[in-house]
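Structure first, commentary second.
Because the structure is predicted, anything quoted here is derived from the model rather than measured. All ligand and atom numbering here is 1-based and tracks the order in the structure.
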Amino acid sequence: MTFPLRPITDEELPQLFHALQDPFGFHSDGDDVEDFRLTTELDRTLAAFDDEEMVGTAGAYSFELTVPGNLLVDAAGITIVTVSATHRRRGILRSMMERQLDDVAERGETIAILTASEASIYGRFGYGLASQSSSWTLETDRATLARPSTATGRLRLVDADRFLEAGPQVYDRRRREIPGAVNRVQAWWDVWQKDRPHTRGGQSARWYVLHEDDAGEVDGMLAYRRNRDAEHGLSRNVLTVDQLYGADDEVEAALWSFLLDHDLIHSVAAHGRPVDEPLRWRLADPRRLVTTDVVDDLWLRLVDVCGALSARRYGTTDRLVVEVADPFRPHTAGRYLLDGGPDGAACTRTDADPDLTMDVADLGALYLGGVTATALHRAGRIEEPTPGAVRRADVFFASSPPPWMTTGF
Ligand SMILES: CC(C)(COP(=O)(O)OP(=O)(O)OC[C@H]1O[C@@H](n2cnc3c(N)ncnc32)[C@H](O)[C@@H]1OP(=O)(O)O)[C@@H](O)C(=O)NCCC(=O)NCCS
């Protein structure tokens, strides 16, 4: 039995939103539907129907993704993937994935990205684990900075309106330097600013801070939440970072200091942070920044292998022939000659003998430099018909900084 797929209409948007609720486990009110409407690209939705009933859903955002070399690539951000519990394991997800990747290819996007509810789902569709993120906590009375910020200027506590006049531009400049980061459209900020109580994870509403340079130009932004707790009369209050971006590392360090120097605060917590959080190396006692979680974050699928590979820059100048397997989209499989370096890259199909062989998902994992070829080789995922090619690929695909997915979607 097949279930027809098509994009939804504007009138069907509440029905689609309703279809998400049981699979993702939430109940919502009318406001959520309107927020959802603001950010949904209707022509990129996909629903599977059993007669009138919507039994499968998917969608995509049209993103700009930063790739190594600080270049921007159009990428599809796959989202709202669900199949009704009454129709699971009948191939609906597979049919939506097929149709969606065809659509991505037709639009000329070379890459699809997503975040996964379960890490076991998307490898079979050619998505590789491309970035991880960490969560940590830091007790403020142990958080002396051995390398304090050298930024000059000043901090201002502001209201949400003032924050939104300047904060988004700070993010927009910074995300262009972070492989794995995506742009945030105005609708994203519009929804974010509403700070709906049920999205706060039991914490307070946000506080907002801007950093200004000596000329009064905003060059840093911080949003955080606070929870109130005490034990034996002692503060257990926690500040949780929501957004923290600066024009440079020194401004970001000034924002960290602002949080860590707060009175009546026991600790600062952060989630979805880069795995190489520089703050650790500023601390006099780096062990005090306690990592509480490291999880897979961005999953990346190469849709047009040559288009994507030639769109980034590489850590060293080299030529590698990669033989790619792609059971889900067999026409993508084949041998690719990648000739690249720090200043540019070219990619063509070739008949030459391969230096490396791997699944398209593993090439997706390597793409942003979030994992080494050596790790994938040692995991039995990459072969090297040319001895030494894995080591060459380590240096070639490396990214500095490592990828960080700044924006959940
Ligand atoms: C995950 C979900 C979309 C799967 O939909 P589905 O229609 O049952 O999937 P399909 O029947 O098309 O399965 C396709 C393949 O994926 C596998 N698969 C599906 N869900 C899986 C899961 N959660 N974990 C591991 N494998 C899974 C199937 O076994 C099948 O494997 P095969 O091709 O080797 O036979 C559905 O279970 C769901 O909505 N879950 C709750 C919401 C959710 O997690 N959505 C994903 C958000 S990122």
Only residue of Y61, F63, W299 satisfying side chain to side chain contact (heavy atoms under 4.5 Å, CB included) with I113 is F63
Within ligand 1, which atoms have a heavy atom of F24 less than 4.0 Å away? 42 (C), 43 (C), 45 (N), 47 (C)
Looking at R378 and E383, is there a salt bridge between them, counting it only when a charged N and a carboxylate O are closer than 4.0 Å? no
Against heavy atoms of P23, which atoms of ligand 1 measure under 4.0 Å? 41 (C), 42 (C)
Quick one: nearest non-hydrogen protein atom to atom 34 (O) of ligand 1, plus distance? R124 NE, 3.7 Å
Verify, without hydrogens or angle tests, whether Q169 (side chain) and E165 (backbone) share a donor-acceptor contact under 3.5 angstrom. yes
Could you tell me whether S120 and ligand 1 have an N or O pair separated by under 3.5 Å? yes
Any atoms of ligand 1 less than 4.0 Å from a non-hydrogen atom of R90? List them with their elements. 11 (O)
Looking at R392 and D318, does any basic side-chain N land under 4.0 Å from a carboxylate oxygen? yes
As a quick check of understanding, evaluate side chain to side chain contact (heavy atoms under 4.5 Å, CB included) for V83 and M96, giving each step before the final call. CA-CA 10 Å; V83 169; M96 292 194 299; 4.0 Å; yes
So, for atom 16 (O) of ligand 1, does the protein have a heavy atom nearer than 4.0 Å? yes
Kindly confirm or rule out an N or O of L93 lying under 3.5 angstrom from an N or O of ligand 1. yes
Which of the numbered atoms in ligand 1 are below 4.0 angstrom from a heavy atom of T82? 39 (O)
For ligand 1, the portion of E118 having any non-hydrogen atom under 4.0 Å away: side chain
Could you tell me whether a side-chain N or O of D355 sits under 3.5 Å from a main-chain N or O of V321, the two making a donor and an acceptor? yes
Carboxylate-amine/guanidinium proximity below 4.0 Å for D326 and R301: yes
What is the closest protein heavy atom to atom 1 (C) of ligand 1, and at what distance does it sit? I121 CD1, 3.7 Å
Heavy-atom proximity to atom 46 (C) of ligand 1, best of L114, V81, V83, V55: V81
Determine, for Y224 and R206, whether the Lys NZ or Arg CZ falls below 6.0 Å from the six-membered ring centre while staying within 45 degrees of the axis. no
Heavy-atom pairs closer than 4.0 Å: do any link ligand 1 to the side chain of Y122, the backbone, both, or neither? side chain
N/O separation below 3.5 Å, G91 to ligand 1: yes
Go through ligand 1 atom by atom and flag the ones less than 4.0 Å from a non-hydrogen atom of T115. 48 (S)
Considering non-hydrogen atoms of the protein only, which is the closest contact for atom 43 (C) of ligand 1, and what is the distance? S117 OG, 3.5 Å
Atom 5 (O) of ligand 1 within contact range, any protein heavy atom under 4.0 Å: yes
For atom 13 (O) of ligand 1, is some protein heavy-atom partner under 4.0 Å away? no
Counting heavy atoms not belonging to R176, are there more than 12 under 6.0 Å from its CZ? yes
Quick test of your reading of the structure: of R88, M96, R94, R89, whose heavy atom lies closest to atom 20 (N) of ligand 1? R89
Would you call E64-R175 a salt bridge at under 4.0 Å N-O? yes
Hydrogens and angles aside, do R312 and Y367 bring a side-chain donor and acceptor to less than 3.5 Å of each other? no
